[in-house]
Amino acid sequence: MTGTTVAVALLALAAAATLVFLLRGGRRPSADVPPVMRPSFSDDQLERRVLERYMAWGLVLTGFFALFLPGYFLQESHRLNEETDSFFVESVVRGEETFTTFCAECHGAEGQGGAAPSPYGNESWPAPNLTTIAVRYEDNENIADIEEFVRTTIEQGRPGTPMPTWGAAYDGPLDDQQVTDIVNWILANQVADQAQPTAAAGQSGEQLFMANCAKCHGERLQGVVGPPLNDELERHTRKTILGILQNGIYVPTGTPMPPWQAGYTYEGARYTDGALRRIIDYVESRQTGGGSDEVVAATWRDR
Ligand code: HEC
Ligand code: HEC
């Protein structure tokens with residue numbers, strides 16, 4: 001940057017000097033003689049020496065611009081990149097502050113994940129680790145653009161879960177810039193470790209269901225923020241259900257069904273087909289044929 005400033009200053013100086021030189025035209029000022037009558041160049045001089053001098057200077061200037069302008073132009077994209085980088089860094093710094101103020105209480109000071117009070121009872125509801133979003137959603141076919149996904153989730157929240165709505169467009173407390181800052185902070189803080197699917201050998205289908213599914217689908221499969229599952233086998237085959245569990249259902253405008261295999265370790269869990277089949281066994285064993293009238297189910301039906 002200082003290099004450019006010096007170059008521009010030199011250029012301006014050179015231009016000013018040239019102008020003065022040209023205007024003076026090599027004439028010697030003399031006090032008593034009026035300008036028109038002052039001795040000047042002869043025609044001979046004008047056509048040779050002076051003309052050649054003008055042309056030489058013209059050549060020098062042309063050469064200077066021919067080198068300077070492309071050089072300046074080539075530097076331009078580099079300069080722009082530096083500007084953009086510094087904007088990004090400033091945004092990330094602001095994002096961290098905003099995150100600490102609004103999000104850390106649930107997602108942890110470093111975004112490593114934490115817990116929130118459940119809206120449906122005394123148990124807590126896991127708030128996901130936000131530093132593993134990139135790896136978790138990397139191969140999720142429902143999500144094309146992770147940045148867009150993170151932004152949408154923050155702006156809209158996840159209705160029916162403790163994740164609040166933040167975007168001003170949805171009556172949340174944060175303006176677009178604040179959301180962008182947090183998104184930048186989250187993206188700048190992604191770590192690489194990737195949880196492998198676990199067979200969860202020691203756990204029964206019921207235990208897995210209670211640990212992972214009950215908070216959204218209800219302990220009696222009656223439905224909470226997710227739909228009732230007590231008639232699920234009437235609606236879908238086991239094969240379809242396995243696909244749903246593997247990949248989840250991405251609902252851009254609301255609370256998604258988390259994928260339990262395709263890059264979404266909801267509260268760190270990522271299960272093999274075997275473990276998911278045990279969960280389906282349990283769901284199958286609890287079919288009562290039809291949704292329930294329980295009040296908690298209202299959350300799902302109201303959507
Ligand atoms: C009151 C607690 C709470 C607060 C405050 C909160 N969140 Fe969340 N957030 C959650 C919970 C709980 C979930 C998981 C919802 C679910 O079960 O799908 C979540 C989910 C998310 C997700 C999706 C993560 C994933 O892996 O799918 C993102 C991104 C997120 N929150 C960002 C934020 C940001 C940014 C803020 C601050 C502006 C914030 N949250 C504030 C509780 C909270
Ligand atoms: C964060 C809340 C949440 C969690 C946790 C969750 N689900 Fe879901 N689930 C949903 C939502 C919401 C839907 C409906 C998505 C939609 O709008 O299509 C759904 C849909 C489903 C469906 C498809 C229902 C249908 O008939 O369309 C099945 C099956 C299902 N979930 C099973 C499970 C199982 C099994 C678990 C645990 C391994 C689980 N879910 C964990 C929220 C959740």
Side-chain angles (χ1 to χ4, degrees), residues 95 98-108 111 113-119 124-137 140 143 146-147 149-167 172-174 178-179 181-183 185-187 200 205 208-218 221 223-236 238 240-246 248-261 263-269 271 275-284 291 299-300 303:
T98 320
F99 180 88
T100 306
T101 312
F102 294 100
C103 325
E105 61 170 295
C106 292
H107 288 282
S118 166
S124 65
W125 193 301
N129 183 339
L130 301 184
T131 69
T132 55
I133 286 194
V135 278
R136 285 192 282 119
Y137 290 97
N140 189 316
I143 291 155
I146 289 175
E147 178 173 356
F149 167 74
V150 172
R151 177 183 301 278
T152 310
T153 304
I154 296 172
E155 286 183 341
Q156 303 185 346
R158 296 233 169 114
T161 81
M163 171 63 184
T165 298
W166 296 101
L174 302 183
Q178 288 173 304
V179 173
D181 291 344
I182 297 184
V183 171
W185 181 77
I186 290 177
L187 294 181
L208 289 172
F209 184 91
M210 291 307 162
N212 297 300
C213 326
K215 63 179 166 297
C216 288
H217 292 284
L221 285 67
V224 184
V225 56
L229 296 180
N230 49 17
D231 60 347
E232 185 62 13
L233 272 294
E234 285 172 24
R235 283 184 280 149
H236 295 302
R238 288 181 59 104
T240 308
I241 297 173
L242 182 64
I244 292 175
L245 297 194
Q246 287 168 335
I249 303 169
Y250 179 46
V251 190
T253 53
T255 298
M257 160 69 187
W260 297 90
Q261 211 165 71
Y264 184 117
T265 46
Y266 188 77
E267 52 174 312
Y271 295 116
L276 294 180
R277 287 209 181 86
R278 293 210 298 284
I279 301 178
I280 301 174
D281 289 343
Y282 174 71
V283 171
E284 193 170 17
T299 331
W300 164 248
R303 293 190 340 138

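As the structure lists them, so they are numbered: ligands from 1, and atoms in each ligand from 1. Since the model is a prediction, treat every value here as computed from it, not as a measurement.
- No side-chain heavy atom of Leu229 sits under 4.5 Å from any side-chain heavy atom of His236.
- Per-residue contacts place Cys106 under 4.0 angstrom from the following atoms of ligand 1 (heavy atoms of the residue considered): 1 (C), 2 (C), 3 (C), 4 (C), 5 (C), 42 (C), 43 (C).
- For Leu229, every heavy-atom contact with ligand 2 shorter than 4.0 Å involves the side chain, none the backbone.
- The two atoms that bring Ile154 and Met163 nearest to each other are CA-CE, 3.9 Å, heavy atoms only.
- Here Thr153 fails the criterion, with no N, O or S atom under 2.8 Å of atom 8 (Fe) of ligand 1.
- Between Trp185 and Gly111, the shortest heavy-atom contact is CH2-N, 4.2 Å.
- At under 3.5 Å, a nitrogen or oxygen of Arg235, whether backbone or side chain, sits near a nitrogen or oxygen of ligand 2.
- Numbered from 1 in the order shown, with element, the atoms of ligand 2 that lie under 4.0 Å from a heavy atom of Thr255 read 12 (C).
- Here the shortest heavy-atom distance to atom 39 (C) of ligand 1, taken over Trp166, Phe102, Trp185, belongs to Trp166.
- Considering backbone and side-chain N/O atoms, Arg158 comes within less than 3.5 Å of an N/O atom of ligand 1.
- Only the side chain of Leu130 comes within 4.0 Å of ligand 1, counting heavy atoms alone; its backbone N, CA, C and O stay farther away.
- Of the possible polar contacts, one joining the Arg278 side chain to the Ala200 backbone as a donor-acceptor pair under 3.5 Å is found.
- Ligand 1 has no nitrogen or oxygen under 3.5 angstrom from a nitrogen or oxygen of Thr161.
- Between Pro228 and Arg235 the shortest heavy-atom distance is O-NH2, 2.9 Å.
- Per residue His217, closest N, O or S atom to atom 8 (Fe) of ligand 2: atom name NE2.
- Of the listed residues (Leu276, Thr240, Val283), just one forms a side chain to side chain contact (heavy atoms under 4.5 Å, CB included) with Leu245, and that residue is Leu276.
- Shown in contact with Ile154 at under 4.0 Å from a heavy atom are these atoms of ligand 1, numbered in order with element: 32 (C), 35 (C).
- With Gly205, Cys216, Cys213 as candidates, the residue nearest to atom 42 (C) of ligand 2 on a non-hydrogen basis is Cys216.
- Set against the non-hydrogen atoms of Trp125, the atoms of ligand 1 under 4.0 Å away are 12 (C), 16 (C), 17 (O).
- For ligand 1, the atoms lying closer than 4.0 Å to a non-hydrogen atom of Pro164 are 3 (C), 4 (C), 6 (C), 7 (N), 43 (C).
- Among residues two or more places apart in sequence or in another chain, the side chain to side chain contact (heavy atoms under 4.5 Å, CB included) test is passed with Ala116 by Cys106, Pro162.
- At least one N or O atom of Glu232, backbone or side chain, sits closer than 3.5 Å to an N or O atom of ligand 2.
- Within the listing of ligand 2, atoms 12 (C) sit less than 4.0 angstrom from a heavy atom of Val225.
- You'll find the side chain of Val224 stays beyond 4.5 Å of the side chain of Lys215, heavy atoms only.
- Contact detail for Met210 and Tyr282: the closest heavy-atom pair is CE-OH, 3.4 Å.
- Listed by atom number, the atoms of ligand 1 under 4.0 Å from Ile182 heavy atoms are 35 (C), 38 (C).
- For ligand 2, the atoms closer than 4.0 angstrom to any heavy atom of Ile279 are 35 (C), 38 (C).
- Side chain of His217 to main chain of Pro227: a donor-acceptor pair is present (N/O by atom type, distance under 3.5 Å, no hydrogens or angles).
- Residue contacts with ligand 1: His107 is placed with a nitrogen or oxygen under 3.5 Å of a nitrogen or oxygen of the ligand (distance criterion only).
- With a 4.5 Å cut-off on side-chain heavy atoms, Val150 and Tyr137 do not count as touching.
- Between Phe99 and His107, the two ring planes are tilted [angle within 30° to 60°].
- Counting heavy atoms closer than 4.0 Å to ligand 2, residue Leu245 contributes side-chain atoms (C-beta onward) but none from N, CA, C or O.
- Atoms of ligand 1 found under 4.0 Å from any heavy atom of Ala116, numbered from 1 in the order shown, are 2 (C).
- The minimum heavy-atom distance linking Cys103 with Ile182 is given by the pair SG-CD1, 4.1 Å.
- Set against the non-hydrogen atoms of Pro126, the atoms of ligand 1 under 4.0 Å away are 12 (C), 14 (C).
- Shortest non-hydrogen contact noted between Gly160 and Thr255 is N-OG1, 4.5 Å.
- Interface of His236 with ligand 2, defined as ligand atoms under 4.0 Å from a residue heavy atom, comprises 25 (C), 26 (O), 27 (O).
- For atom 13 (C) of ligand 2, the nearest non-hydrogen atom from the set Gly223, Pro227, Pro259 comes from Pro227.
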